[in-house]
Amino acid sequence: MILRPLLIALLLALVLRPEWFTPVFAPLAPEGGPVIYQRASLLSLSLSHLGLVAAASLAATVVAVTLAILVTRPAGAAFRPLSRTITNMGQTFPPVAVLALAVPALGFGAGPTLVALFLYGLLPIFENATTALSTLPPATMEAARGIGLSRWQRLVRVELPLALPVTLTGIRLSVVIALGTATIGSTVAARTLGEVIIAGLLTNNTAYVLQGGLIVGLFAVLIYDALVQIERRLAARIGA
Amino acid sequence: MIEIDSITKVYGDETAVDAVSMTVQTGTITVIVGTSGSGKTTLLRMINRLEEPTSGEVRIKGQSTLAVKPHILRRRIGYAIQGHGLFPHHTVARNIGAVPELLNWSRDKTEARVDELLDLFSMEPAQFRDRYPGELSGGQQQRVGVARALASRPDLLLMDEPFGALDPIIRTRAQEDLRRIQRQLGSTIMLVTHDMEEAIRLGDRVAVMDAGKLVQHGTPAEIITQPATDFVADMVGDVERPLRLLSLIPLSDLVEDGTADGAPLSPADSLRDALSACLWTGRSAVPVVEDGAPLGRVTLDAIRARARAHT
(Lines give C-alpha, C1' and ligand atoms only; values in the text may rest on other atoms or scores of the structure.)
Protein backbone atom coordinates (compact mmCIF):
# COMPACT_ATOMS: atom_id res chain seq x y z
CA MET A 1 0.00 0.00 0.00
CA ILE A 2 2.46 2.70 -1.11
CA LEU A 3 -0.44 4.32 -2.94
CA ARG A 4 -1.93 5.72 0.26
CA PRO A 5 0.97 8.03 1.31
CA LEU A 6 1.31 9.14 -2.31
CA LEU A 7 -2.35 10.14 -2.49
CA ILE A 8 -2.13 11.92 0.86
CA ALA A 9 0.91 13.89 -0.36
CA LEU A 10 -0.86 14.78 -3.61
CA LEU A 11 -3.93 15.99 -1.73
CA LEU A 12 -1.91 18.10 0.71
CA ALA A 13 0.02 19.67 -2.15
CA LEU A 14 -3.20 20.46 -4.09
CA VAL A 15 -4.74 22.14 -1.06
CA LEU A 16 -1.72 23.90 0.48
CA ARG A 17 0.50 24.66 -2.53
CA PRO A 18 -1.88 24.87 -5.52
CA GLU A 19 0.56 27.12 -7.41
CA TRP A 20 2.88 24.15 -7.85
CA PHE A 21 0.36 22.69 -10.27
CA THR A 22 0.24 25.71 -12.60
CA PRO A 23 2.13 23.89 -15.39
CA VAL A 24 -0.17 20.87 -15.13
CA PHE A 25 -3.45 22.78 -15.30
CA ALA A 26 -2.28 25.58 -17.66
CA PRO A 27 -3.22 23.76 -20.92
CA LEU A 28 -6.80 23.42 -19.62
CA ALA A 29 -7.34 27.05 -18.67
CA PRO A 30 -8.73 29.53 -21.21
CA GLU A 31 -6.14 31.66 -23.09
CA GLY A 32 -4.70 34.29 -20.74
CA GLY A 33 -7.19 33.33 -17.98
CA PRO A 34 -6.25 32.34 -14.39
CA VAL A 35 -5.04 28.75 -13.95
CA ILE A 36 -5.24 28.33 -10.18
CA TYR A 37 -8.31 29.27 -8.14
CA GLN A 38 -7.40 32.29 -6.02
CA ARG A 39 -10.69 33.88 -4.93
CA ALA A 40 -10.59 31.97 -1.66
CA SER A 41 -7.97 29.82 0.03
CA LEU A 42 -8.42 26.18 -0.93
CA LEU A 43 -7.52 25.20 2.63
CA SER A 44 -10.36 27.17 4.16
CA LEU A 45 -12.78 25.87 1.51
CA SER A 46 -11.66 22.29 2.24
CA LEU A 47 -12.07 22.74 5.99
CA SER A 48 -15.50 24.26 5.55
CA HIS A 49 -16.47 21.43 3.16
CA LEU A 50 -15.28 18.74 5.58
CA GLY A 51 -16.92 20.55 8.49
CA LEU A 52 -20.30 20.54 6.73
CA VAL A 53 -19.99 16.86 5.87
CA ALA A 54 -18.90 15.99 9.41
CA ALA A 55 -21.74 17.93 11.02
CA ALA A 56 -24.39 16.48 8.71
CA SER A 57 -23.05 12.91 9.02
CA LEU A 58 -22.80 13.17 12.81
CA ALA A 59 -26.39 14.36 13.04
CA ALA A 60 -27.54 11.65 10.60
CA THR A 61 -25.65 9.01 12.63
CA VAL A 62 -27.18 10.08 15.93
CA VAL A 63 -30.71 10.16 14.52
CA ALA A 64 -30.42 6.99 12.41
CA VAL A 65 -28.79 4.91 15.16
CA THR A 66 -31.31 6.12 17.73
CA LEU A 67 -34.14 5.17 15.37
CA ALA A 68 -32.51 1.80 14.69
CA ILE A 69 -32.25 1.12 18.43
CA LEU A 70 -35.89 2.05 18.96
CA VAL A 71 -37.28 -0.10 16.15
CA THR A 72 -35.23 -3.14 17.23
CA ARG A 73 -36.74 -3.08 20.77
CA PRO A 74 -39.84 -5.27 21.12
CA ALA A 75 -41.94 -2.16 21.92
CA GLY A 76 -40.72 -0.28 18.85
CA ALA A 77 -40.97 -3.06 16.27
CA ALA A 78 -44.27 -1.66 15.01
CA PHE A 79 -42.50 1.54 13.92
CA ARG A 80 -39.99 -0.22 11.75
CA PRO A 81 -41.89 0.08 8.44
CA LEU A 82 -42.67 3.75 9.18
CA SER A 83 -39.04 4.58 9.98
CA ARG A 84 -37.95 2.80 6.86
CA THR A 85 -40.38 4.82 4.76
CA ILE A 86 -39.14 8.10 6.24
CA THR A 87 -35.45 7.34 5.74
CA ASN A 88 -36.22 6.04 2.24
CA MET A 89 -37.89 9.31 1.38
CA GLY A 90 -34.79 11.14 2.57
CA GLN A 91 -32.82 9.13 0.05
CA THR A 92 -35.19 9.36 -2.92
CA PHE A 93 -35.64 13.12 -2.63
CA PRO A 94 -32.84 14.59 -4.78
CA PRO A 95 -30.52 16.86 -2.76
CA VAL A 96 -30.96 19.62 -5.36
CA ALA A 97 -34.69 19.63 -4.70
CA VAL A 98 -34.06 19.74 -0.95
CA LEU A 99 -31.78 22.72 -1.46
CA ALA A 100 -34.40 24.52 -3.52
CA LEU A 101 -37.09 23.86 -0.94
CA ALA A 102 -34.89 24.69 2.06
CA VAL A 103 -33.61 28.06 0.84
CA PRO A 104 -36.89 29.94 1.42
CA ALA A 105 -37.05 28.54 4.95
CA LEU A 106 -33.40 28.71 5.97
CA GLY A 107 -31.95 31.34 3.63
CA PHE A 108 -28.75 31.08 1.66
CA GLY A 109 -25.59 29.60 3.23
CA ALA A 110 -24.75 26.38 5.04
CA GLY A 111 -28.25 25.65 6.41
CA PRO A 112 -29.96 24.13 3.36
CA THR A 113 -26.84 22.08 2.53
CA LEU A 114 -26.74 20.64 6.04
CA VAL A 115 -30.41 19.63 5.77
CA ALA A 116 -29.90 18.03 2.35
CA LEU A 117 -26.82 16.08 3.44
CA PHE A 118 -28.48 15.02 6.68
CA LEU A 119 -31.59 13.66 4.94
CA TYR A 120 -29.55 11.98 2.24
CA GLY A 121 -27.28 10.30 4.81
CA LEU A 122 -29.98 8.79 7.04
CA LEU A 123 -30.91 5.72 4.99
CA PRO A 124 -27.63 3.81 4.72
CA ILE A 125 -26.89 4.29 8.42
CA PHE A 126 -30.40 3.35 9.50
CA GLU A 127 -30.56 0.26 7.28
CA ASN A 128 -27.16 -1.02 8.37
CA ALA A 129 -27.68 -0.34 12.07
CA THR A 130 -31.10 -2.01 11.99
CA THR A 131 -29.75 -5.06 10.20
CA ALA A 132 -26.79 -5.29 12.57
CA LEU A 133 -28.94 -4.98 15.68
CA SER A 134 -31.43 -7.59 14.52
CA THR A 135 -28.89 -10.22 13.44
CA LEU A 136 -26.75 -10.42 16.59
CA PRO A 137 -25.57 -13.96 17.52
CA PRO A 138 -28.54 -15.54 19.37
CA ALA A 139 -26.42 -17.56 21.83
CA THR A 140 -24.59 -14.42 22.93
CA MET A 141 -27.82 -12.50 23.40
CA GLU A 142 -29.35 -15.40 25.34
CA ALA A 143 -26.27 -15.59 27.58
CA ALA A 144 -26.29 -11.81 28.11
CA ARG A 145 -29.83 -12.07 29.45
CA GLY A 146 -29.11 -15.30 31.32
CA ILE A 147 -26.18 -13.97 33.34
CA GLY A 148 -28.12 -10.94 34.52
CA LEU A 149 -27.42 -7.93 32.30
CA SER A 150 -30.23 -5.37 32.41
CA ARG A 151 -31.76 -4.14 29.14
CA TRP A 152 -29.63 -1.01 29.16
CA GLN A 153 -26.45 -2.99 29.95
CA ARG A 154 -27.22 -5.42 27.14
CA LEU A 155 -27.62 -2.54 24.70
CA VAL A 156 -24.50 -0.64 25.72
CA ARG A 157 -22.14 -3.51 26.53
CA VAL A 158 -23.16 -6.12 23.99
CA GLU A 159 -25.53 -5.02 21.24
CA LEU A 160 -24.00 -1.70 20.19
CA PRO A 161 -20.37 -2.92 20.25
CA LEU A 162 -21.30 -6.00 18.21
CA ALA A 163 -23.35 -3.91 15.76
CA LEU A 164 -20.59 -1.32 15.37
CA PRO A 165 -18.69 -2.69 12.35
CA VAL A 166 -21.79 -3.05 10.17
CA THR A 167 -23.14 0.31 11.35
CA LEU A 168 -19.82 1.88 10.49
CA THR A 169 -20.15 0.55 6.95
CA GLY A 170 -23.39 2.51 6.68
CA ILE A 171 -21.72 5.63 8.07
CA ARG A 172 -18.92 5.22 5.54
CA LEU A 173 -21.35 5.07 2.60
CA SER A 174 -23.19 8.07 3.95
CA VAL A 175 -20.01 10.13 4.46
CA VAL A 176 -18.70 9.39 0.98
CA ILE A 177 -22.03 10.32 -0.63
CA ALA A 178 -22.08 13.51 1.44
CA LEU A 179 -18.54 14.47 0.40
CA GLY A 180 -19.59 14.51 -3.24
CA THR A 181 -23.07 15.91 -2.71
CA ALA A 182 -21.79 18.82 -0.60
CA THR A 183 -20.31 20.41 -3.75
CA ILE A 184 -23.78 21.37 -5.00
CA GLY A 185 -24.24 23.31 -1.75
CA SER A 186 -22.21 26.07 -3.33
CA THR A 187 -25.15 26.82 -5.64
CA VAL A 188 -26.88 28.25 -2.58
CA ALA A 189 -23.78 29.95 -1.21
CA ALA A 190 -22.52 27.32 1.19
CA ARG A 191 -18.73 27.47 1.40
CA THR A 192 -17.59 24.18 -0.06
CA LEU A 193 -15.12 22.99 -2.67
CA GLY A 194 -18.06 23.10 -5.07
CA GLU A 195 -17.30 26.82 -5.35
CA VAL A 196 -14.18 26.02 -7.36
CA ILE A 197 -16.01 23.67 -9.69
CA ILE A 198 -18.95 26.05 -10.22
CA ALA A 199 -16.60 28.97 -10.87
CA GLY A 200 -14.90 26.80 -13.49
CA LEU A 201 -18.20 25.88 -15.14
CA LEU A 202 -19.38 29.51 -15.24
CA THR A 203 -16.15 30.82 -16.78
CA ASN A 204 -15.54 27.84 -19.03
CA ASN A 205 -12.33 27.14 -17.07
CA THR A 206 -11.69 23.38 -17.11
CA ALA A 207 -8.61 23.89 -14.92
CA TYR A 208 -10.84 25.04 -12.03
CA VAL A 209 -13.29 22.21 -12.53
CA LEU A 210 -10.51 19.67 -12.51
CA GLN A 211 -8.83 21.24 -9.51
CA GLY A 212 -11.99 21.24 -7.37
CA GLY A 213 -13.04 17.79 -8.57
CA LEU A 214 -9.65 16.29 -7.89
CA ILE A 215 -9.52 17.58 -4.31
CA VAL A 216 -13.04 16.34 -3.50
CA GLY A 217 -12.28 12.99 -5.13
CA LEU A 218 -9.08 12.52 -3.17
CA PHE A 219 -10.80 13.38 0.12
CA ALA A 220 -13.51 10.82 -0.66
CA VAL A 221 -11.02 8.06 -1.56
CA LEU A 222 -8.83 8.65 1.49
CA ILE A 223 -11.66 8.95 4.01
CA TYR A 224 -13.31 5.84 2.54
CA ASP A 225 -10.04 3.96 2.92
CA ALA A 226 -9.51 5.16 6.51
CA LEU A 227 -13.00 4.02 7.53
CA VAL A 228 -12.49 0.64 5.86
CA GLN A 229 -9.34 0.21 7.95
CA ILE A 230 -11.21 1.01 11.17
CA GLU A 231 -14.01 -1.41 10.27
CA ARG A 232 -11.51 -4.19 9.60
CA ARG A 233 -9.83 -3.65 12.90
CA LEU A 234 -13.11 -3.69 14.79
CA ALA A 235 -14.37 -6.76 12.96
CA ALA A 236 -11.10 -8.59 13.69
CA ARG A 237 -11.48 -7.85 17.40
CA ILE A 238 -14.99 -9.21 17.40
CA GLY A 239 -13.59 -12.33 15.77
CA ALA A 240 -15.81 -12.11 12.72
CA MET B 1 -31.81 -26.34 48.59
CA ILE B 2 -33.88 -25.51 45.51
CA GLU B 3 -37.60 -26.20 45.71
CA ILE B 4 -39.67 -26.25 42.55
CA ASP B 5 -43.31 -26.03 43.54
CA SER B 6 -45.92 -27.17 40.97
CA ILE B 7 -44.52 -24.88 38.30
CA THR B 8 -46.53 -24.62 35.07
CA LYS B 9 -46.00 -22.89 31.74
CA VAL B 10 -48.82 -22.54 29.24
CA TYR B 11 -48.36 -21.13 25.73
CA GLY B 12 -51.80 -20.54 24.22
CA ASP B 13 -53.50 -23.96 24.34
CA GLU B 14 -50.26 -25.79 24.82
CA THR B 15 -49.01 -26.77 28.27
CA ALA B 16 -45.22 -26.85 27.93
CA VAL B 17 -44.56 -27.65 31.58
CA ASP B 18 -47.34 -29.21 33.62
CA ALA B 19 -47.24 -28.74 37.41
CA VAL B 20 -43.70 -29.98 37.96
CA SER B 21 -42.49 -30.21 41.55
CA MET B 22 -39.11 -31.35 42.74
CA THR B 23 -36.45 -30.58 45.29
CA VAL B 24 -32.77 -30.26 44.50
CA GLN B 25 -30.31 -30.75 47.34
CA THR B 26 -27.39 -28.36 47.73
CA GLY B 27 -24.13 -29.70 46.31
CA THR B 28 -25.68 -32.20 43.89
CA ILE B 29 -26.09 -32.49 40.13
CA THR B 30 -29.63 -33.00 38.90
CA VAL B 31 -29.92 -33.87 35.25
CA ILE B 32 -33.22 -33.18 33.51
CA VAL B 33 -33.52 -35.52 30.55
CA GLY B 34 -36.20 -35.77 27.91
CA THR B 35 -36.87 -35.68 24.19
CA SER B 36 -37.20 -32.38 22.37
CA GLY B 37 -40.50 -30.73 23.17
CA SER B 38 -40.69 -32.45 26.56
CA GLY B 39 -40.53 -29.07 28.32
CA LYS B 40 -37.14 -29.66 29.90
CA THR B 41 -35.57 -26.43 28.64
CA THR B 42 -38.67 -24.40 29.53
CA LEU B 43 -38.50 -25.85 33.04
CA LEU B 44 -34.86 -24.80 33.36
CA ARG B 45 -35.51 -21.32 31.96
CA MET B 46 -38.31 -20.74 34.45
CA ILE B 47 -35.85 -21.18 37.32
CA ASN B 48 -33.91 -18.02 36.42
CA ARG B 49 -37.05 -16.44 34.95
CA LEU B 50 -35.91 -16.28 31.35
CA GLU B 51 -39.45 -17.60 31.03
CA GLU B 52 -42.03 -16.42 33.53
CA PRO B 53 -44.02 -19.33 35.03
CA THR B 54 -47.76 -19.26 34.38
CA SER B 55 -48.26 -20.57 37.90
CA GLY B 56 -46.27 -22.10 40.71
CA GLU B 57 -43.01 -20.87 42.12
CA VAL B 58 -39.35 -21.69 42.67
CA ARG B 59 -37.64 -21.16 46.01
CA ILE B 60 -33.89 -20.93 46.43
CA LYS B 61 -32.78 -21.29 50.05
CA GLY B 62 -36.40 -20.71 51.01
CA GLN B 63 -36.69 -17.41 49.12
CA SER B 64 -39.11 -17.15 46.21
CA THR B 65 -37.46 -16.23 42.91
CA LEU B 66 -40.41 -13.90 42.31
CA ALA B 67 -39.24 -11.69 45.18
CA VAL B 68 -36.47 -9.96 43.18
CA LYS B 69 -36.16 -8.38 39.73
CA PRO B 70 -35.29 -11.00 37.10
CA HIS B 71 -31.89 -9.58 36.14
CA ILE B 72 -30.84 -9.30 39.79
CA LEU B 73 -31.99 -12.90 40.39
CA ARG B 74 -29.97 -14.12 37.39
CA ARG B 75 -26.73 -12.73 38.83
CA ARG B 76 -27.10 -15.25 41.67
CA ILE B 77 -27.71 -18.14 39.28
CA GLY B 78 -25.01 -19.31 36.91
CA TYR B 79 -26.13 -19.97 33.34
CA ALA B 80 -24.25 -21.94 30.69
CA ILE B 81 -25.73 -22.84 27.31
CA GLN B 82 -25.07 -24.84 24.19
CA GLY B 83 -22.73 -22.90 21.90
CA HIS B 84 -21.28 -21.11 24.99
CA GLY B 85 -22.66 -17.61 24.11
CA LEU B 86 -19.43 -15.84 25.02
CA PHE B 87 -19.08 -12.14 24.27
CA PRO B 88 -16.89 -12.16 21.15
CA HIS B 89 -15.67 -8.58 21.73
CA HIS B 90 -14.44 -9.22 25.28
CA THR B 91 -11.30 -11.06 26.36
CA VAL B 92 -11.50 -14.39 28.16
CA ALA B 93 -10.81 -12.59 31.47
CA ARG B 94 -13.61 -10.08 30.88
CA ASN B 95 -16.01 -12.82 29.85
CA ILE B 96 -15.33 -14.84 32.99
CA GLY B 97 -15.43 -11.68 35.11
CA ALA B 98 -18.74 -10.50 33.62
CA VAL B 99 -20.96 -11.37 36.60
CA PRO B 100 -18.42 -10.23 39.27
CA GLU B 101 -18.29 -6.94 37.34
CA LEU B 102 -22.09 -6.67 37.55
CA LEU B 103 -21.87 -7.37 41.28
CA ASN B 104 -19.23 -4.62 41.68
CA TRP B 105 -16.46 -6.85 42.92
CA SER B 106 -13.10 -5.11 43.27
CA ARG B 107 -10.72 -5.48 40.35
CA ASP B 108 -8.21 -7.51 42.42
CA LYS B 109 -10.86 -9.90 43.65
CA THR B 110 -12.21 -10.43 40.13
CA GLU B 111 -8.75 -10.97 38.65
CA ALA B 112 -7.88 -13.51 41.34
CA ARG B 113 -11.17 -15.34 40.73
CA VAL B 114 -10.61 -15.40 36.95
CA ASP B 115 -7.14 -16.91 37.36
CA GLU B 116 -8.43 -19.44 39.88
CA LEU B 117 -11.13 -20.59 37.46
CA LEU B 118 -8.78 -20.77 34.48
CA ASP B 119 -6.48 -22.95 36.59
CA LEU B 120 -9.41 -25.11 37.61
CA PHE B 121 -10.24 -25.70 33.93
CA SER B 122 -6.57 -26.47 33.11
CA MET B 123 -6.13 -23.31 31.07
CA GLU B 124 -2.89 -21.44 31.84
CA PRO B 125 -4.09 -17.98 33.01
CA ALA B 126 -1.11 -16.04 31.61
CA GLN B 127 -1.67 -17.66 28.24
CA PHE B 128 -5.46 -17.39 27.96
CA ARG B 129 -6.50 -14.37 30.04
CA ASP B 130 -6.11 -11.80 27.25
CA ARG B 131 -7.27 -13.89 24.30
CA TYR B 132 -10.56 -13.35 22.53
CA PRO B 133 -13.12 -16.19 22.28
CA GLY B 134 -12.60 -16.39 18.51
CA GLU B 135 -9.00 -17.47 19.13
CA LEU B 136 -10.00 -20.52 21.22
CA SER B 137 -10.95 -24.07 20.22
CA GLY B 138 -14.54 -25.25 20.70
CA GLY B 139 -13.65 -27.14 23.87
CA GLN B 140 -11.83 -24.14 25.34
CA GLN B 141 -14.73 -21.82 24.52
CA GLN B 142 -17.09 -24.18 26.27
CA ARG B 143 -14.85 -24.29 29.37
CA VAL B 144 -14.73 -20.49 29.47
CA GLY B 145 -18.53 -20.48 29.19
CA VAL B 146 -18.83 -22.74 32.24
CA ALA B 147 -16.15 -20.73 34.10
CA ARG B 148 -18.17 -17.56 33.46
CA ALA B 149 -21.25 -19.25 34.91
CA LEU B 150 -19.32 -20.25 38.05
CA ALA B 151 -17.44 -16.96 38.54
CA SER B 152 -19.55 -15.36 41.25
CA ARG B 153 -19.93 -18.62 43.24
CA PRO B 154 -23.65 -18.77 42.44
CA ASP B 155 -26.17 -20.61 44.62
CA LEU B 156 -27.14 -22.65 41.61
CA LEU B 157 -25.73 -23.35 38.16
CA LEU B 158 -28.15 -23.96 35.28
CA MET B 159 -26.79 -25.66 32.17
CA ASP B 160 -28.80 -26.09 28.98
CA GLU B 161 -27.23 -28.81 26.79
CA PRO B 162 -23.81 -27.34 27.66
CA PHE B 163 -21.91 -30.05 25.80
CA GLY B 164 -24.27 -30.35 22.82
CA ALA B 165 -21.94 -28.63 20.36
CA LEU B 166 -18.82 -30.63 21.27
CA ASP B 167 -17.52 -33.67 19.46
CA PRO B 168 -17.73 -36.97 21.40
CA ILE B 169 -14.14 -37.12 22.68
CA ILE B 170 -14.07 -33.54 23.93
CA ARG B 171 -17.55 -34.01 25.32
CA THR B 172 -16.49 -36.92 27.53
CA ARG B 173 -13.59 -34.85 28.84
CA ALA B 174 -15.85 -31.87 29.49
CA GLN B 175 -18.23 -34.11 31.45
CA GLU B 176 -15.38 -35.47 33.56
CA ASP B 177 -14.11 -31.92 34.17
CA LEU B 178 -17.55 -30.78 35.24
CA ARG B 179 -17.95 -33.70 37.63
CA ARG B 180 -14.49 -33.05 39.14
CA ILE B 181 -15.06 -29.29 39.50
CA GLN B 182 -18.52 -29.77 40.94
CA ARG B 183 -17.11 -32.13 43.60
CA GLN B 184 -14.29 -29.70 44.33
CA LEU B 185 -16.51 -26.60 44.64
CA GLY B 186 -19.60 -28.31 46.03
CA SER B 187 -21.76 -26.52 43.45
CA THR B 188 -25.45 -27.22 42.96
CA ILE B 189 -26.11 -27.88 39.29
CA MET B 190 -29.21 -28.46 37.20
CA LEU B 191 -28.39 -29.65 33.71
CA VAL B 192 -30.67 -30.30 30.75
CA THR B 193 -29.82 -32.93 28.15
CA HIS B 194 -31.51 -35.28 25.70
CA ASP B 195 -28.74 -37.83 26.20
CA MET B 196 -29.52 -40.52 28.80
CA GLU B 197 -25.88 -41.63 28.79
CA GLU B 198 -24.86 -38.12 29.87
CA ALA B 199 -27.62 -38.03 32.48
CA ILE B 200 -26.46 -41.30 34.04
CA ARG B 201 -22.81 -40.34 33.92
CA LEU B 202 -23.26 -36.90 35.50
CA GLY B 203 -26.37 -37.00 37.63
CA ASP B 204 -26.66 -37.61 41.36
CA ARG B 205 -30.35 -37.47 40.53
CA VAL B 206 -32.00 -37.84 37.16
CA ALA B 207 -35.36 -36.23 36.35
CA VAL B 208 -37.12 -37.58 33.26
CA MET B 209 -39.56 -35.26 31.50
CA ASP B 210 -42.18 -36.37 28.99
CA ALA B 211 -44.80 -34.11 27.36
CA GLY B 212 -44.42 -31.41 30.03
CA LYS B 213 -44.69 -33.79 32.97
CA LEU B 214 -42.03 -35.01 35.35
CA VAL B 215 -42.43 -38.78 35.00
CA GLN B 216 -39.63 -39.95 37.26
CA HIS B 217 -37.09 -38.34 39.59
CA GLY B 218 -34.56 -40.59 41.26
CA THR B 219 -30.99 -41.83 41.37
CA PRO B 220 -29.51 -43.12 38.12
CA ALA B 221 -29.71 -46.69 39.47
CA GLU B 222 -33.43 -46.30 40.20
CA ILE B 223 -34.07 -44.90 36.74
CA ILE B 224 -32.29 -47.91 35.20
CA THR B 225 -33.64 -50.69 37.38
CA GLN B 226 -37.14 -49.40 38.15
CA PRO B 227 -38.30 -47.22 35.26
CA ALA B 228 -41.61 -45.64 36.25
CA THR B 229 -43.12 -45.69 32.76
CA ASP B 230 -42.52 -47.28 29.37
CA PHE B 231 -41.18 -43.93 28.21
CA VAL B 232 -38.43 -43.98 30.85
CA ALA B 233 -37.61 -47.57 29.93
CA ASP B 234 -37.36 -46.51 26.28
CA MET B 235 -35.06 -43.64 27.18
CA VAL B 236 -32.78 -46.01 29.08
CA GLY B 237 -32.97 -48.66 26.35
CA ASP B 238 -33.50 -52.39 27.07
CA VAL B 239 -30.26 -53.49 25.49
CA GLU B 240 -28.19 -50.86 27.24
CA ARG B 241 -29.73 -51.38 30.66
CA PRO B 242 -27.28 -53.86 32.24
CA LEU B 243 -24.28 -51.97 30.88
CA ARG B 244 -25.59 -48.64 32.13
CA LEU B 245 -26.15 -50.14 35.56
CA LEU B 246 -22.64 -51.60 35.65
CA SER B 247 -21.21 -48.23 34.60
CA LEU B 248 -22.49 -46.76 37.89
CA ILE B 249 -20.69 -49.24 40.15
CA PRO B 250 -16.99 -48.81 40.96
CA LEU B 251 -14.66 -51.83 41.09
CA SER B 252 -13.95 -51.02 44.75
CA ASP B 253 -17.43 -52.48 45.56
CA LEU B 254 -16.54 -55.95 44.26
CA VAL B 255 -12.82 -56.32 44.93
CA GLU B 256 -11.94 -59.71 46.40
CA ASP B 257 -8.64 -61.24 47.45
CA GLY B 258 -6.74 -63.09 44.80
CA THR B 259 -4.69 -62.45 41.72
CA ALA B 260 -5.39 -62.14 38.03
CA ASP B 261 -3.29 -61.73 34.93
CA GLY B 262 -3.15 -58.93 32.42
CA ALA B 263 -3.47 -55.14 32.53
CA PRO B 264 -4.76 -53.85 35.89
CA LEU B 265 -7.67 -51.43 36.45
CA SER B 266 -8.12 -48.78 39.14
CA PRO B 267 -10.72 -49.19 41.92
CA ALA B 268 -12.48 -46.06 40.61
CA ASP B 269 -13.10 -47.66 37.21
CA SER B 270 -16.58 -49.07 36.69
CA LEU B 271 -17.76 -52.64 36.40
CA ARG B 272 -18.54 -51.87 32.77
CA ASP B 273 -14.85 -51.11 32.19
CA ALA B 274 -13.91 -54.41 33.86
CA LEU B 275 -16.48 -56.39 31.89
CA SER B 276 -15.25 -54.85 28.70
CA ALA B 277 -11.62 -55.69 29.59
CA CYS B 278 -12.57 -59.31 30.41
CA LEU B 279 -14.48 -59.79 27.17
CA TRP B 280 -11.87 -58.19 24.99
CA THR B 281 -8.89 -60.12 26.39
CA GLY B 282 -10.70 -63.39 27.16
CA ARG B 283 -9.92 -63.22 30.88
CA SER B 284 -12.26 -64.33 33.69
CA ALA B 285 -10.89 -61.79 36.19
CA VAL B 286 -8.98 -58.48 36.18
CA PRO B 287 -6.42 -57.31 38.76
CA VAL B 288 -7.23 -54.09 40.67
CA VAL B 289 -4.30 -51.84 41.53
CA GLU B 290 -4.37 -48.50 43.34
CA ASP B 291 -1.32 -46.25 42.96
CA GLY B 292 0.86 -49.29 42.19
CA ALA B 293 -0.34 -51.30 45.23
CA PRO B 294 -2.37 -54.45 44.34
CA LEU B 295 -5.80 -54.53 46.03
CA GLY B 296 -7.01 -57.87 44.67
CA ARG B 297 -9.19 -58.77 41.70
CA VAL B 298 -12.68 -58.55 40.28
CA THR B 299 -14.05 -61.68 38.62
CA LEU B 300 -16.44 -62.01 35.71
CA ASP B 301 -18.70 -64.16 37.91
CA ALA B 302 -18.92 -61.41 40.51
CA ILE B 303 -19.83 -58.87 37.82
CA ARG B 304 -22.50 -61.20 36.45
CA ALA B 305 -23.93 -61.72 39.92
CA ARG B 306 -23.97 -57.97 40.57
CA ALA B 307 -25.77 -57.26 37.30
CA ARG B 308 -28.53 -59.67 38.33
CA ALA B 309 -28.75 -58.33 41.91
CA HIS B 310 -31.28 -55.59 41.11
CA THR B 311 -34.20 -58.02 41.08
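The model shown is predicted, which means the values in this text are computed figures rather than measured ones.
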Whatever's closer than 4.5 Å to a heavy atom in chain A on B:Arg45 counts as side chain
CD of B:Glu101 to CD of A:Gln153, rounded to nearest 0.5 Å, is 8.5 Å
Exceeds 12 heavy-atom contacts within 6.0 angstrom, atom CD1 of B:Ile169:
no
Cut-off 4.5 Å, heavy atoms of chain A, and the answer for B:Tyr132 is side chain
Minimum heavy-atom distance between B:Leu50 and A:Arg145, given as atom pair plus value:
O-NH2, 3.2 Å
Check B:Tyr79 against A:Ile147 and note the closest heavy-atom contact, atom names and distance.
O-CG2, 4.3 Å
Scanning both residues in full, the closest heavy-atom pair of B:Ile81 with A:Ala139 reads CD1-O, 3.4 Å
By a 4.5 Å heavy-atom criterion (distance strictly below it), what part of A:Leu149 contacts chain B: side chain, backbone, both, or neither?
both
Shortest non-hydrogen contact from B:Arg74 to A:Gly146?
CB-O, 3.5 Å
In short, A:Pro161 meets B:His89 closest at the heavy-atom pair CB-CD2, 3.4 Å
Taking atom CD of B:Glu14 as the centre, report whether more than 12 heavy atoms of other residues, nucleotides or ligands fall under 6.0 Å from it.
no
Which portion of A:Arg151 sits near chain B, non-hydrogen atoms under 4.5 angstrom:
neither
For A:Arg232, look at atom CZ and say whether over 12 heavy atoms of other residues, nucleotides or ligands are found less than 6.0 Å away.
no
Within 6.0 Å of CZ in A:Phe79, more than 12 heavy atoms from elsewhere:
no
For A:Gly148 versus B:Leu102, what's the shortest heavy-atom pair and its separation?
O-CD1, 3.6 Å
